[in-house]
Amino acid sequence: MIQQMTPRERNLAMLVGVLVVGFATIMLSKTFMRNFRQLKSQRMEKSFALETMKTLIQERDLWVQRDQWLKSKQPKLENAGSAGVNFLEEIQNTAKAHNVIVEQPVINTVVNQPYYQSVSVGFDTKSSGPELVEFMAAAQGQAKFTVFKTASLEVAKNDPTQMAGRFTAERWFAPKEPR
Amino acid sequence: MKKVPRQSAAFVFPGASGWRVRLPSGQTTSVQALDEAVATLPAGATVHLALPCHAALLERMVLPSIDRDELSGMVQLQLEKTLPYPVEEVSTDFDVISQEENESTLISVAANHAQLDQLCEPLRSRAVLPDKVTLYAQHVAASCAEEETVLCLWPEDGQLVVAICERGKLGYAQTISETDPAAAASELPAVLLRAEMEGVPTEFDRVRIEQGCGGLRDHLAEITGKPVEIFSFDAPLPESATNLVPSTWRDEKRKLESSGRLKARLQLAAMGFLLLIAGAFLYLAWLKRQVQALDLQIAQTRPAVEFQQEQQAKWQALAPALDQNRYAVEILNRLRDAIPSSELKFTKFDFKPNDFKLDCVAPNAELWTKMTDKVRQDPVLSTYKLKMDPPKIETSGVTFTISGTL
């Protein structure tokens with residue numbers, strides 16, 4: 001067919017062919033580059049994300065151990081009604097052991113949180129500064145799950161040698177529905 | 001009989017009727033027309049076309065030279081006078097039959113371009129251009145012994161060719177329209193007489209006829225008194241030295257070859273281009289597969305990450321109960337450790353799990369500076385966002401507040 005064309009027809013056919021191929025090349029190149037950039041970017045992002053995840057889960061064993069420790073150590077709320085009383089009694093015993101006078105105790109209702117059920121008691125104290133500090137140190141501890149929700153200490157108005165404290169202490173029991 | 005060199009081109013030559021095609025493999029077929037011959041040719045084969053006698057003009061000359069170049073010029077001049085066409089419209093060549101001291105006897109062969117184009121149209125329309133165009137009679141002559149004068153007869157395209165071969169060269173050729181042996185035999189003496197009048201030797205050493213002219217054998221034996229041999233179209237014949245290919249065909253063939261090369265290059269380029277595109281998109285497919293593999297790994301790793309994140313959130317939420325550095329007594333102790341002097345007194349300490357506030361009184365601002373510096377340097381207290389406003393100066397001393405928020 002090419003041999004039957006006149007030179008002009010051949011040149012025109014060449015020109016059209018070059019234009020078509022050029023256009024097709026440009027479109028294909030654009031498509032390729034667009035997809036290439038997109039995929040390359042995705043690959044980079046996902047590689048980074050995967051690396052981060054792998055770095056994160058390198059400590060998995062530690063967190064499994066912590067979870068098991070929590071499950072074994074965090075106290076279970078057997079009886080919501082008596083838990084407050086028992087907790088207050090424990091506080092009072094600890095205070096007594098450190099010569100801290102506990103006044104105006106209040107037992108609050110159980111509050112459910114995502115990671116714990118809190119049993120809260122409020123009370124005032126009167127004692128010397130060092131004894132108060134000892135009491136606070138004895139009341140809290142990692143295995144006790146006791147938190148001072150609020151603690152306000154000041155010099156007693158009527159006796160500058162004494163410290164007056166107002167506390168809200170909570171015991172954090174295991175949550176109702178374990179997560 | 002001369003030894004025939006192995007042919008590498010397809011040889012197309014006139015048969016008793018139509019054409020015969022001898023392929024490079026040696027196989028010979030008969031066709032009626034040249035367009036049928038094209039179908040038998042292998043792709044890309046070179047073609048050597050031998051013309052029938054009636055397609056060429058033969059002229060026997062005796063010229064006063066033995067130099068081929070001089071003879072060429074002389075032949076051209078002679079043909080300009082004798083040819084019925086302009087010299088530019090014919091392809092010519094000549095074959096030297098014999099040479100004396102300063103004289104050459106030769107036969108010129110001329111083929112009209114227009115007739116050649118018309119004859120070979122079936123070949124040219126299929127882009128098959130013969131590389132060589134010769135006269136079949138010259139091949140037959142080349143098969144005769146060089147030291148003999150041989151009378152050859154063979155059928156060509158419904159006619160009978162009578163050729164006188166001298167020294168292995170064609171000396172004279174004439175066609176007889178009668179193929180009937182008796183009628184042809186009756187015309188033969190007149191042909192021989194005409195040849196003798198042109199100076200062609202008619203004393204033959206032998207007679208050769210094609211096997212299709214077997215009916216003439218006895219007549220020829222009677223007329224010439226010489227032994228009659230049979231030869232076959234199927235037997236390969238020696239090459240002829242002449243070549244009547246028009247220069248336009250050579251140009252056309254060059255263009256065909258050039259466009260063939262261009263076509264091959266374009267095909268190669270197109271294949272390369274397609275391979276490149278295929279490779280590029282295969283690479284994209286591979287990248288996509290990698291991304292999908294990463295997605296799978298992420299999906300497989302996600303539960304472990306979510307478990308860990310959940311545990312971290314739980315531990316964070318329980319920090320006031322579990323982290324000693326978040327205990328009220330710990331904060332208080334660290335603040336006490338930051339007291340630079342016993343003259344500085346705490347007046348009030350308020351604590352919540354996420355913040356604390358300490359009111360102090362000191363005799364001078366220097367103690368406030370020292371205390372605030374120590375608080376900032378404490379590793380636990382510095383984790384809080386500390387707020388330490390300038391002290392208030394009062395009559396009893398300076399009072400200030402240190403607060404921290406997580």
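Quick note on labels: first sequence line is chain A, next is B, and so on, each numbered from 1. Just so we're clear, the structure is a prediction, and the values are computed from it rather than from any experiment.
The choice from B/K348, B/K352, B/Q308 that makes the most heavy-atom pairs within less than 4.5 Å of chain A is B/Q308. In terms of heavy-atom pairs under 4.5 angstrom with chain B, the leader among A/T25, A/L56, A/V64 is A/L56. By number of non-hydrogen pairs under 4.5 angstrom with chain A, the leading residue of B/N333, B/D295, B/L332 is B/D295. The most heavy-atom pairs under 4.5 Å with chain A, out of B/Q290, B/Q312, B/K288, come from B/Q312.
Taking the six-membered ring for Trp and the full ring otherwise, the centers of B/Y384 and B/F356 sit less than 6.0 Å from each other.
With a 4.5 angstrom heavy-atom cutoff, B/A313 touches chain A via backbone and side-chain atoms both. Contacts of B/R336 with chain A are made by side-chain atoms alone, with heavy-atom separations under 4.5 Å and no backbone atom involved. Both the backbone and the side chain of B/I298 come within less than 4.5 Å of a heavy atom of chain A. Of the atoms belonging to A/F148, heavy atoms from both backbone and side chain fall under 4.5 Å from chain B. Heavy atoms of B/F346 lying under 4.5 Å from chain A belong exclusively to its backbone. When heavy atoms are compared at a cutoff of 4.5 Å, A/E170 does not approach chain B at all. The part of A/L70 that comes within reach of chain B is its side chain, from C-beta onward, which places non-hydrogen atoms under 4.5 angstrom from that chain. Only the side chain of B/L262 comes within contact range of chain A, with at least one heavy atom under 4.5 Å from a heavy atom of that chain. Of the two parts of B/T301, the backbone and the side chain both hold a non-hydrogen atom closer than 4.5 Å to a non-hydrogen atom of chain A. For chain A, the nearby parts of B/Q297 are the backbone and the side chain; heavy atoms of each come within less than 4.5 Å. In this structure, chain B has heavy atoms under 4.5 Å from both the backbone and the side chain of A/T150. In this structure, chain B has no heavy atom under 4.5 Å from any part of A/T168. Neither the backbone nor the side chain of B/E252 comes within contact range of chain A, judged by heavy atoms closer than 4.5 Å.
Between A/K144 and A/E90, none of the side-chain N atoms (NZ, or NE/NH1/NH2) sits under 4.0 Å from a carboxylate O, so this pair counts as no salt bridge. Ion pairing between B/D131 and B/K253 holds under the 4.0 Å rule for side-chain N and carboxylate O.
Taking the six-membered ring where the residue is Trp, B/F400 and B/W368 present perpendicular rings, their angle passing 60° and hence far from 30°. Ring geometry for B/Y283 against A/F36 counts as tilted: the plane angle lies between 30° and 60°, on a 0 to 90° scale.
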What verdict does the side chain to side chain contact (heavy atoms under 4.5 Å, CB included) test give for B/K132 and B/L49, after you've listed the backbone C-alpha separation in whole Å, the side-chain angles of each residue and the deciding distance to 0.1 Å? CA-CA 6 Å; B/K132 196 171 180 185; B/L49 176 69; over 6 Å; no
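Applying the 6.0 Å contact sphere to NZ of A/K76 captures more than 12 heavy atoms from other residues, nucleotides or ligands.
Stacking of B/R289 on the aromatic ring of B/W286 is not recorded, the 6.0 Å distance cut-off and the 45° axial limit not both being met.
Shortest non-hydrogen contact noted between B/D355 and B/T405 is CB-CA, 4.0 Å.
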